[in-house]
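Remember, it's a predicted structure, so these values are computed and weren't measured experimentally. Order of the sequence lines fixes the chain letters, A, B, ..., with proteins taken first and strands second; residue numbering starts at 1 for each chain.
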Amino acid sequence: MPELPEVQTVLSGVIPKLGSKEILGLECYYPGTVIDKLSPQDQAFPARLRQGYRRGKYMILEMTSGFALIIHLRMTGKLVWDKDDGEPKAHERAAILVSGGHRLRFIDIRTFGKITLLPSARVHEALPKLGAEPLLQGFGAAYLSEQLAKSKRPIKTALLDQRVVAGLGNIYVCEILYEAGVNPFRPCNELDSEEFARIAAATKLILAQALMHNGTSISDFRRVDDKAGEFQNFLKVYQQESCPQGHEVKKVKQSGRSTYLCPVCQK
DNA sequence: CAATGATCCTGTCCGC
DNA sequence: TGCGGACAGGATCATT
């Protein structure tokens, strides 16, 4: 599922495709996929891309017209660069039309993904409250400890909370906690500063490695050019039978989600 | 306020 | 071969 490394990988592919081409419009083929916050007389198109950036799992495309698109892939969303034959493909919920006969197809089997069109000045208020960017300096052992030291929540649940850390999902949280040697069920308030430090370091390490390998193609994640990521080849516990030490990996339900862990390596 | 559960949705896989 | 059910899980909203 698209988490920070996958979203960043998709965005890094989208930016050069749009390049200096003209963005002609935004079409919606499934009710609710496009959230249009403009009044009818507003002119968002045509425009060019001014800048594209990521915040948590959100992609933000700011256009020269002063308007912006916020794109969230949720679970099955994909952005596919393709020739424009004027027809939406299977599961295509929306499309960004581009000059030169191309379109960026928003393909999303389970329809949870969203594209929001709004004035650039309102992007900040339109995004939900998000925690620290895990790859930036503000995120570290001190931040995690400050955020979580008093919480009784299991550490895994806390790391999935986008208000604490922006961009983590089920796959990377499982991998991070294995790397840190911390059991996902441990309550946050029972973790010591050394364990918070290991979790923070593991977060940065795992995300950097995943980014280097263009994300994880579990199920059907693809880049804009339809290439798969490669980090699935480096997973140590998620959907694995045994950990690198040869211990059996356990799969257990934790607040409705599958948690993969090695009970021997993770204390 | 914190924690849990339901909800949205469809393709895939498993057992019978 | 077909069918029902479990499962996948990000984010939001409702409930306890």
Side-chain angles (χ1 to χ4, degrees), chain A residues 1-11 28-35 37 54-60 70-80 88-94 105-116 123 125-131 133-134 146-177 184-191 207 210 215-222 228-229 231-232 235 237-241 249-261:
Chain A
M1 316 299 137
E3 306 177 29
L4 186 153
E6 290 76 33
V7 174
Q8 184 67 52
T9 299
V10 168
L11 178 63
C28 183
Y29 309 113
Y30 184 90
T33 295
V34 169
I35 302 165
K37 301 210 168 195
R54 179 193 57 73
R55 176 78 174 100
K57 297 171 191 168
Y58 295 84
M59 282 177 267
I60 295 105
I70 301 177
I71 304 174
H72 198 302
L73 303 173
R74 290 287 188 104
M75 279 141 57
T76 55
K78 294 194 282 187
L79 288 175
V80 178
K89 294 218 160 151
H91 304 123
E92 187 170 339
R93 310 304 184 187
R105 302 181 191 271
F106 186 75
I107 294 177
D108 183 17
I109 290 173
R110 285 166 70 181
T111 72
F112 292 168
K114 296 276 181 278
I115 299 181
T116 305
V123 166
E125 66 189 55
L127 291 174
K129 290 272 172 282
L130 293 169
E133 279 293 327
E146 174 198 321
Q147 290 283 311
L148 302 178
K150 289 175 187 163
S151 171
K152 293 175 184 171
R153 285 197 288 182
I155 181 62
K156 190 209 176 193
T157 309
L159 291 176
L160 282 173
D161 187 342
Q162 302 299 300
R163 295 168 299 183
V164 177
V165 188
L168 301 183
N170 204 38
I171 297 175
Y172 292 110
V173 169
C174 290
E175 292 296 310
I176 286 163
L177 289 173
F185 289 88
R186 292 273 302 284
C188 293
N189 61 1
E190 292 176 15
L191 297 174
L207 292 179
T216 302
S217 287
I218 290 283
S219 75
D220 62 351
F221 166 69
R222 289 294 184 279
F231 194 68
Q232 65 277 10
L235 296 174
V237 285
Y238 189 82
Q239 292 188 355
Q240 304 302 302
E241 295 287 322
V249 168
K250 297 283 183 198
K251 177 187 178 185
V252 284
K253 278 282 174 203
Q254 188 174 13
S255 59
R257 310 260 162 83
S258 293
T259 291
Y260 292 82
L261 77 152

Expected rows: protein N/O vs nucleotides 7-11 of chain B N/O, under 3.5 Å:
from	atom 1	to	atom 2	distance (Å)
B/dC9	O2	A/R110	NE	2.6
B/dC9	O2	A/R110	NH2	3.4
B/dG11	OP1	A/H91	NE2	2.8

With sequence neighbours left out, write down each residue that passes salt bridge (charged side-chain N to carboxylate O under 4.0 Å, His left out) with [X], or none if nothing qualifies.
| X | answer |
| --- | --- |
| A/K37 | none |
| A/R186 | A/E195 |
| A/E125 | A/R122 |
| A/K250 | A/E248 |

Practice prompt. Using a cut-off of strictly less than 4.0 Å between a heavy atom of the residue and any atom of DNA chain B, enumerate the qualifying residues of residues 155-169 of chain A by number.
Written response: none
Holding to side-chain contact (heavy atoms from CB on, under 4.5 Å), I want the full list of residues that pass it with [X], two or more places apart in sequence or in another chain.
| X | result |
| --- | --- |
| A/P184 | A/K156, A/L177, A/Q254, A/T259, A/L261, A/Q266 |
| A/Y30 | A/T33, A/R93, A/T111 |
| A/A126 | A/I70, A/L118 |
| A/Q147 | A/Y143, A/V164 |

Worksheet entry | Canonical and wobble pairing (Watson-Crick, G-U, under 3.5 Å) of DNA chain B, dot-bracket with | | .|||||||.|||||||
Worksheet entry | Selection residues 159-172 of chain A - residue pairs positive for salt bridge (charged side-chain N to carboxylate O under 4.0 Å, His left out), sequence neighbours left out | A/R153-A/D161, A/D161-A/R163
